[in-house]
Every structure is written in structure tokens, then in C-alpha cells.
Undergrad: 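Would you mind keeping the following structure in view while I ask a few things?
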Amino acid sequence: MKRPLLSTAALLIAGGGAFLAFNSMQGCRPATTVAAVQGDVASKVYVKPGAYDEFYNFVSGGFSGQLAVYGIPSGRLLRVIPVFSEDPQSGYGYSEETKPMLTTTHGYIPWDDSHHPELSQTDGVPDGKWCFINGNNTPRIALIDLGTFRTKSMIEIPNCAGNHSSPFTTGNSEYVISGTRFSIPMGTEEERDVPIDSYRENFKGTVSFIKPEAETGKMSIAFQIITPGMNFDLSHAGKGPSEGWFFFSCYNSEQAYSLLEVNASQNDKDYVMALNWKKAEEYAQAGKGKMVPGKHVTNWWNDETHTTESKIVDQVLQLDPRELTDLIYFMPCPKSPHGCDVDPSGEFIVGSGKLAALIPVFSFAKIQEAIAKNDVEGDFQGIPVLKYASVLHGEVKRPGLGPLHTEFDGKGNAYTSMFVSSEIVKWDLKTLEVLDRVPTYYSIGHLSIPGGDSKKPWGKYVIAYNKITKDRFLPTGPELTQSAQLYNIEGDKMELLLDFPTIGEPHYAQSIPADLVRPREVKFFDINENQHEFVAKGEKETKIERRGNEVHVWMTTIRSHITPDNIEGIKMGDEVFFHVTNLEQDWDVPHGFAIKGARTAELLIMPGETQTLKWVPNHVGIVPFYCTDFCSALHQEMQGYVRVSPAGSKVPLTAVTRSFEPGS
Ligand code: K7E
Ligand code: CUA
């Protein structure tokens, strides 16, 4: 979303758009770069050394592909969890055990564009068990276990392109959703190889319902719903009265396939799609769908074997709403809606039209009435379009420019981010009156209140995630950091407390009280439960074995030595697999493993865990290896040697640790 606004405006004017009016409207763009910060705010974000933050804040890394974890209110970066991208720091994507996690039907894909962290829920409230996040580019959803802060499972989404309206959850995490941003032709090769300008006939969207198994976190696709071709942008599940429904923002109802900037900005209204997922579930269980091609990979981390298990699935169950006519309905929504948010009561659905000068709020009760009375204004490709006036609770007038996303404080207020006018606008859900506005620095995308899309927000803070920071931080060359800004929202007026930089580009983020996460904390892995194929549960179990040109080394680490540390008999042409078990049984004592010339990265092995580095020697001679993590006073002594001999050498294969008499 980082883009020159003026050129957009120019094109839209050329295209007859109403953007000019936006750009020339005055009054809410922050005039000064120095925010009015009260003298006493420092105490409100100050977490004294040794104390903990109140909230964990999970922030998407955008094009970094990762998920960053901050403490709130301090804004301290606690961890970057590798999800869709390789991570040299931990060996994620480099160890033999983690490589399959990033495997798809396109092969090994070590990067993605992550947008929306979504915490798992129980009874509509975040429960601290998992955090989901979407990969937008090569459509995937990942599940992060908040016991280990690691990627636990990952599923590829078939018949999808641009997994953007994802991975929003139902109230008990029965399902998480994936809606396709880009519509595409699907089916056989012949059906897919069509002219781009046959969009209207051939391009379709899908919405997939992914089921995470409650016990294991394994994910599978329960069913998929085919939709008219459009762009599905964001979504949220209903709750309370609207439990059982999902709502999606849809843009490009023009069905443009070129220069969308202009061509998809023509219609005054696009749609919010209401989807009855309880019905869909019923139909799926009653065999009303059909199996269609939908090859995808689903990967799952087994905590006992410390290894990824991968499964390829060839087909998915697809439901067609042209036959199952009570599955989806469209509601007109001005104009090119982005955010689609449901308030804590579940009655109000907020559609935020990027190009709209107002914010429409839909009423779930009225939607139900309109459906019951068939109160439609027509159809869109066979799907009923309900009358705007009939489903509208009301409109927030003159909220600001470029509304994107809305969150809630649980006290009857909504907070909407305004990308163009760079501000957060607070408004009353019932009266739709604007109550307060604060500048953000600058170009806010998402915003987030702890629990702010759930039934029970912890309405203490709102955090802005900004695309542009211009003059807010020390300059760092051509690219400046993106950032978050923390505001207190306990009073009538929002109050800016803190700026903090973020990794990659922050899109959405969610926060949860640390007290809900900490009880599940895993401090180390029980070595007795380690079922890795190549585990060595003690130094006596270390060994070396040749299998053709593969050499396997069962290796252990403990403060402060690696066993074995003298290896001979490796030959050019061999592939060496170091299976390193960390024997420690204590919190926060990882050991690292690196070897000269390795073409990937190190391993960082947690206590009780086994991880494997594959190494192909390419020089004859003595090659050192060592521990990379300063683990003890004698960390620098934690090293060893491999002797590499020419191919065909007769040096016997040995792996030992030797005692050594000084001076002998
Ligand atoms: Cu608004 Cu991808 Cu949710 Cu970015 S998206 S801002
Ligand atoms: Cu083990 Cu340093």
C-alpha cells in the first residue's frame, strides 16, 4: 500500500473517479510532525528492567514473511517467529526437519507475504493457544503454537491466488478462512489455459474453510465454496447473533483484469458478502458438494519426532452457491471496500470503502429480515444482492479519508484507521457519531486493540501500524522503518504514548494479555520423549554410520562439548548428516552447530531436541565445526574437527572424543 498518492489521484481523475475531492479536502491531515505528547506519558509505557509487559502483541512481518512479537506497553521486540521465510538465526528452513514445512506443490518456497495474525478463540475470545497467519503470495495458512512460539503447521490453499482475506477464525476456532484476493480460472489444464480477457466467463473466486484439529493443530480443508470472479479482500466471522456467518469485503465488482486502479474503481458500490458457514457445513456433511481437483500440501510439526510430516492431498470438496442458493448473499458497499469488521455484539458489520467518503454499518438483524423477505435489488452472477437501504444500520458521515480497518473497545465504540488522512477516528456504534480523532505518523494501515475483533476486547490501547514514518526516526538510507504507535483509549480522548519500529511491513496485528499465554509455556523438550529417528539420548548413543555415500553422525551437545568431536573417514562426494541432539534439560540453553563451508546456515537446537544439518564437503583437509551460541564460560572450547579425504580414500570411518595428556 506504499504508493504515491498523487499519481493515483491523477489516474482516478482521468478515469472519472472522485479521488480529487479527497485529496483536496482539508482539516485532518496532521499539520505538524511533532505530536502533542503529554509529559507524563513515559510512565504509562515504562516497564522497569526485569518486569514483564502486560500484553503480547503479534505483528505481521508483511514481506518479511515472519511474525514479530512485541511487549505492550513497552514496544520492546521480544521475538521474530520464522513462519514463511527461512531464518538463518534458528536454522528454520535449513535443517532437514524444517525444510518440509516450507514445501508446497510449487516445491520449496522459502518466502511469503504475511498480512494477518489471528489468535485462536474459545467462546469468541482469544485463548492464547495458537496464532494463525496467512501467506498471501503462494497461498498458505500457518499455525503458530504459543507454547513454543514456533510454526506448528502449515497448509497450502488450492484454487486460490492471493490468500488475503485470511486467516480469520470462527468463535471456537472450528475453522479459519481463506478467501482468494485474485480470481482465477480453475479446473483442468485446458480450463485454466484461457485468455485473460475471458475473466467474466472463466475467472472464479473461492472461500476455503480450514479445520485445525483441536488437539494437534493439524490442518485440513473441510470444504471450499466457489464464488463469482472478484477480489476478496478481508473478512471476519460473525459472533453472538451472527455466529455461524462470515462476512467478506469484495472489490472489483467491475471484474476488471487490467489497470484495476482505474477500471476497478468505477462502480459506486462493490459488495460485502455474507456467507452462512453453518449451512455450508451442513451441506458439506450431507454430501451436497463435489470433489474437484485441488492438489495441496499440508505440513505438520511433530513435537515428539522434532520433524515435519507432510501430506499431499489431491482434491477438495467444493460447494456451489448457484445450486445451494441459501449460502451466500451480497450487500452493496461503497466503494472498493477493504476492511470488513464485526463488532463485539455481533450485530454490526462495518465495511470500510477505501474510496468512500462515509463508513456503512450493516445490521445483522436487518440482513436476516431482508433474506427472509427476499428483499433484493437484483443479482450478481446468479447470487442475490440485498437492498442497501434494507440492510443498513446507518452510515458514519465524514469520518475522514480512506477508511481501511475498524476495531472495537467493547464499550460501544469503534476505531477506524484512515489511510489517506493518516488518523484514527473513534465513533459511536449506535449513534454513528464521530467522537474523537488523532493523527498517526503516517499513512496508517491496520489498527489493533487487544481482543479488538473478539467478543470481549481489552479496550485499554489502540495500536496504529503505519506504512510511512518519514521524519519520525533516525534516517536509515533510502528505506525508512515502518512503525507502530501506541495510544491509550481509556479516557474520552485517545492519547499517543509511544512510537516503535516494526520489522518488514506491519499489516494486521493482535494482542492478548500475557497471562493467557504464559500457562502453556514450554521451557524445554523432555529428552525421554524425543522420538527423532536419529536421536542420541546420551553421549554413549553417539555414533557414525556410512550408508553408501551418505554418512550419518549421531551427535550430542552439552555444556561445553560436542560428542563426537574428532571425525575421520569422510570422503569427497559424501553427504554428511549431522544429527545433533541437545542433551540439556534446562530453560534457555540452546546450542548451535556450524561447520565451515556449509552452504546453508547453522542449527540452533533447543534443549531435548534433535536437528539435522546436511553438509557436502568440497575441499580435502581438516574442517572445524563449533557451537554458535555463547552457552557457557567454556563456549569457545565447544568445537571439533572433521577430516575430509579424497574420494576413494581408505581412511576408516571413526567418530570419537579423545582424552589428551598435556605435553604428550
Ligand atoms: Cu489493510 Cu493486507 Cu489487511 Cu495491509 S491489508 S493495511
Ligand atoms: Cu554450546 Cu556454545
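Sequential numbering from 1 along the given sequence is applied to the chain's residues. Please read these numbers as outputs of a predicted model, since none were measured by experiment.
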Undergrad: If the condition is side chain to side chain contact (heavy atoms under 4.5 Å, CB included), which residues does Tyr257 pass it with, not counting sequence neighbours?
TA: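 Only Ile196, Asp197, Tyr199 meet the side chain to side chain contact (heavy atoms under 4.5 Å, CB included) criterion with Tyr257.
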Undergrad: Check the orientation of Phe132 and Trp130. Use parallel for under 30°, tilted for 30 to 60°, and perpendicular for over 60°.
TA: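 Taking Trp130 first and then Phe132, their aromatic rings stand perpendicular (interplane angle over 60°).
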Undergrad: Contact between Ser265 and Leu355 at the side-chain level, heavy atoms closer than 4.5 Å - yes or no?
TA: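 Counting from C-beta outward, Ser265 and Leu355 do come under 4.5 Å.
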Undergrad: Taking atom types as modelled and ignoring hydrogens, do the side chains of Glu86 and Tyr94 form a donor-acceptor contact shorter than 3.5 angstrom?
TA: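 Yes, a side-chain donor-acceptor pair sits under 3.5 Å.
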Undergrad: Examine distances only and state if a side-chain atom of Ser454 and a backbone atom of Pro126 form a donor-acceptor pair shorter than 3.5 Å.
TA: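 Here the side-chain-to-backbone pair does not exist.
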Undergrad: Less than 4.5 Å apart, any side-chain heavy atom of Ile109 and any of Phe84?
TA: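 Ile109 vs Phe84: side chains apart.
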Undergrad: Do other residues, nucleotides or ligands put more than 12 heavy atoms under 6.0 Å from Lys288 NZ?
TA: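 At most 12 heavy atoms, drawn from other residues, nucleotides or ligands, come within 6.0 Å of this atom.
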Undergrad: Looking only at non-hydrogen atoms, find the nearest pair between Asp379 and Gly382 and report the distance.
TA: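 The answer is OD2-N, 2.6 Å.
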Undergrad: Compare all side-chain heavy atoms of Tyr508 with those of His405 and state whether any distance is below 4.5 angstrom.
TA: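 A side-chain contact under 4.5 Å is absent here.
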Undergrad: Is the distance between the ring centroids of His116 and His446 under 6.0 Å?
TA: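 Here the rings of His116 and His446 have centres that are less than 6.0 Å from each other.
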Undergrad: Measure the spacing between NZ of Lys295 and OG1 of Thr104 and express it to the nearest 0.5 Å.
TA: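 The distance works out to 11.0 Å.
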Undergrad: Could you pull out the closest heavy-atom pair between Gln66 and Val80, with the gap in Å?
TA: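 The answer is CB-CG1, 3.8 Å.
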Undergrad: Say you draw a straight line from OH of Tyr388 to SG of Cys333; how long is it, rounded to the nearest 0.5 Å?
TA: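 Nearest 0.5 Å value for the OH-SG distance: 7.0 Å.
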Undergrad: Using only atom types and a distance under 3.5 Å, with no angle test, would you say the side chain of Thr227 pairs donor to acceptor with the backbone of Gly205?
TA: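 Here the side-chain-to-backbone pair exists.
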Undergrad: So does Pro228 get a backbone contact from the side chain of Gln381, meaning a donor-acceptor N/O pair under 3.5 Å?
TA: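 Side chain of Gln381 to backbone of Pro228, a donor-acceptor pair under 3.5 Å: no, none is there.
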Undergrad: Do we see a donor-acceptor contact under 3.5 Å between the side chains of Ser166 and Asn134?
TA: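 Note: Ser166 and Asn134 side chains miss the donor-acceptor criterion.
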Undergrad: Just by distance, no angles: are the side chains of Thr416 and Thr406 close enough, under 3.5 Å, to form a donor-acceptor pair?
TA: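 Yes, Thr406 and Thr416 have a side-chain donor paired with an acceptor closer than 3.5 Å.
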Undergrad: Donor-acceptor check, side chain of Ser60 to backbone of His507, threshold 3.5 angstrom: yes or no?
TA: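 Pair found, side chain donor or acceptor close to backbone of His507.
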Undergrad: Stepwise, does the side-chain contact (heavy atoms from CB on, under 4.5 Å) test hold for Phe330 with Lys269?
TA: CA-CA 11 Å; Phe330 287 123; Lys269 294 193 175 67; over 6 Å; no
Undergrad: For the residue pair Phe203 and Val194, establish whether any side-chain heavy-atom pair is separated by less than 4.5 Å.
TA: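 They are in contact (side-chain heavy atoms under 4.5 Å apart), so the answer is yes.
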Undergrad: Strictly distance-based, threshold 3.5 Å: is any side-chain N or O of Thr298 a donor or acceptor partner for the main-chain N or O of Ile155?
TA: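 Not confirmed, Thr298 side chain does not pair with Ile155 backbone.
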Undergrad: Measure across Asp268 and Lys335 and return the closest heavy-atom pair with its distance rounded to 0.1 Å.
TA: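 Scanning both residues completely, I find the closest heavy atoms to be O-CB, 3.4 Å.
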Undergrad: List the steps, then state whether side-chain contact (heavy atoms from CB on, under 4.5 Å) holds for Glu254 with Asn263.
TA: CA-CA 7 Å; Glu254 296 85 351; Asn263 294 324; 5.9 Å; no
Undergrad: Is Leu260 atom CG crowded by more than 12 heavy atoms from other residues, nucleotides or ligands, each under 6.0 Å away?
TA: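 Yes - once you tally the heavy atoms of other residues, nucleotides and ligands closer than 6.0 Å, there are more than 12.
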Undergrad: Is a donor on one side and an acceptor on the other found under 3.5 Å between the side chain of Ser95 and the backbone of Thr98?
TA: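 Looks like yes, one N/O pair under 3.5 Å.
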Undergrad: Any donor-acceptor pair under 3.5 Å linking the side chain of Thr180 with the backbone of Ala161?
TA: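 Such a contact is found between Thr180 side chain and Ala161 backbone.
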Undergrad: Hey, mind stepping through Leu234 and His338 against side-chain contact (heavy atoms from CB on, under 4.5 Å) and telling me if it holds?
TA: CA-CA 6 Å; Leu234 281 152; His338 186 54; 3.7 Å; yes
Undergrad: List the steps and the verdict of side-chain contact (heavy atoms from CB on, under 4.5 Å) for Ser352 and Leu404.
TA: CA-CA 5 Å; Ser352 299; Leu404 289 189; 5.6 Å; no
Undergrad: Between NZ of Lys152 and CG of Leu146, what distance do you get to the nearest 0.5 Å?
TA: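 Lys152 NZ to Leu146 CG: 12.5 Å, rounded to 0.5 Å.
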Undergrad: Out of curiosity, Phe380 CZ to Met230 CE, how far, rounded to the nearest 0.5 Å?
TA: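 Separation between the atoms: 4.5 Å.
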Undergrad: Check Asp320 with Arg322, please: is the shortest side-chain N to carboxylate O separation under 4.0 Å?
TA: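 Looking at Asp320 together with Arg322, the answer is yes, because their closest N to O distance falls below 4.0 Å.
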Undergrad: For the residue pair Pro332 and Val385, establish whether any side-chain heavy-atom pair is separated by less than 4.5 Å.
TA: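 Sidechains of Val385 and Pro332: in contact.
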Undergrad: Minimum heavy-atom separation for Trp111 and Arg140, please, with both atom names.
TA: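 Heavy atoms of Trp111 and Arg140 come nearest at O-NH2, 3.0 Å.
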Undergrad: Please check if any side-chain donor atom of Thr105 sits under 3.5 Å from a side-chain acceptor atom of Glu156, or the reverse.
TA: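 Short answer, yes.
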Undergrad: Are Thr307 and Asn302 linked by a side-chain donor-acceptor pair shorter than 3.5 Å?
TA: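 Distance-only check fails for Thr307 and Asn302.
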Undergrad: Does Gln318 reach the main-chain N or O of Val292 with its side chain, forming a donor-acceptor pair under 3.5 Å?
TA: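 No: the side chain of Gln318 does not pair with the backbone of Val292.
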Undergrad: Should Val361 and Val396 count as side-chain neighbours, where that means a heavy-atom distance under 4.5 Å?
TA: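 Side chain of Val361 against side chain of Val396, heavy atoms only: contact under 4.5 Å found.
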Undergrad: Without hydrogens or angle criteria, can the side chains of Ser178 and Asn163 be said to hold a donor-acceptor pair below 3.5 Å?
TA: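 A donor-acceptor contact under 3.5 Å links the two side chains.
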Undergrad: Less than 3.5 Å apart, any donor N or O on the side chain of Tyr283 or Asp326 sitting next to an acceptor on the other?
TA: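 Yes, side-chain donor-acceptor contact under 3.5 Å.
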Undergrad: Roughly how far, to the nearest 0.5 Å, is NE2 of His164 from CZ of Arg181?
TA: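 That separation rounds to 6.5 Å.
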Undergrad: Does Asn299 reach the main-chain N or O of Ser310 with its side chain, forming a donor-acceptor pair under 3.5 Å?
TA: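 Not a single qualifying donor-acceptor pair exists.
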Undergrad: Below 4.5 Å, heavy atoms only, C-beta onward: do Asp113 and Glu505 meet side chain to side chain?
TA: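 No, their side chains stay 4.5 Å or more apart.
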Undergrad: Taking the side chain as C-beta and beyond, is there a heavy-atom pair between Glu347 and Phe364 under 4.5 Å?
TA: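 With C-beta onward as the side chain, the pair touches.
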Undergrad: Less than 6.0 angstrom separating the ring centers of Phe223 and Tyr175, yes or no?
TA: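 Ring centres of Tyr175 and Phe223 closer than 6.0 Å.
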Undergrad: Could you tell me which non-hydrogen atom of Met101 sits nearest to which non-hydrogen atom of Trp300, and how far apart they are?
TA: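 Closest approach of Met101 to Trp300: CE-C, 4.3 Å.
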Undergrad: Any idea which heavy atoms bring Lys239 and Asp343 closest together, and the distance?
TA: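 Shortest heavy-atom contact: NZ-O, 3.2 Å.
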Undergrad: If the test is side chain to side chain donor-acceptor pair (under 3.5 Å), which one of Lys204, Gln224, His296 qualifies with Asn159?
TA: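 Going through the options one by one, the only one that passes is Gln224.
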Undergrad: For the atom pair CD (Gln482) and CZ (Phe63), what is the distance rounded to the nearest 0.5 Å?
TA: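 Separation between the atoms: 4.5 Å.
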Undergrad: Has the side chain of Lys467 got a donor or acceptor atom that lies under 3.5 Å from a matching backbone atom of Pro506?
TA: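 Checked: pair present.
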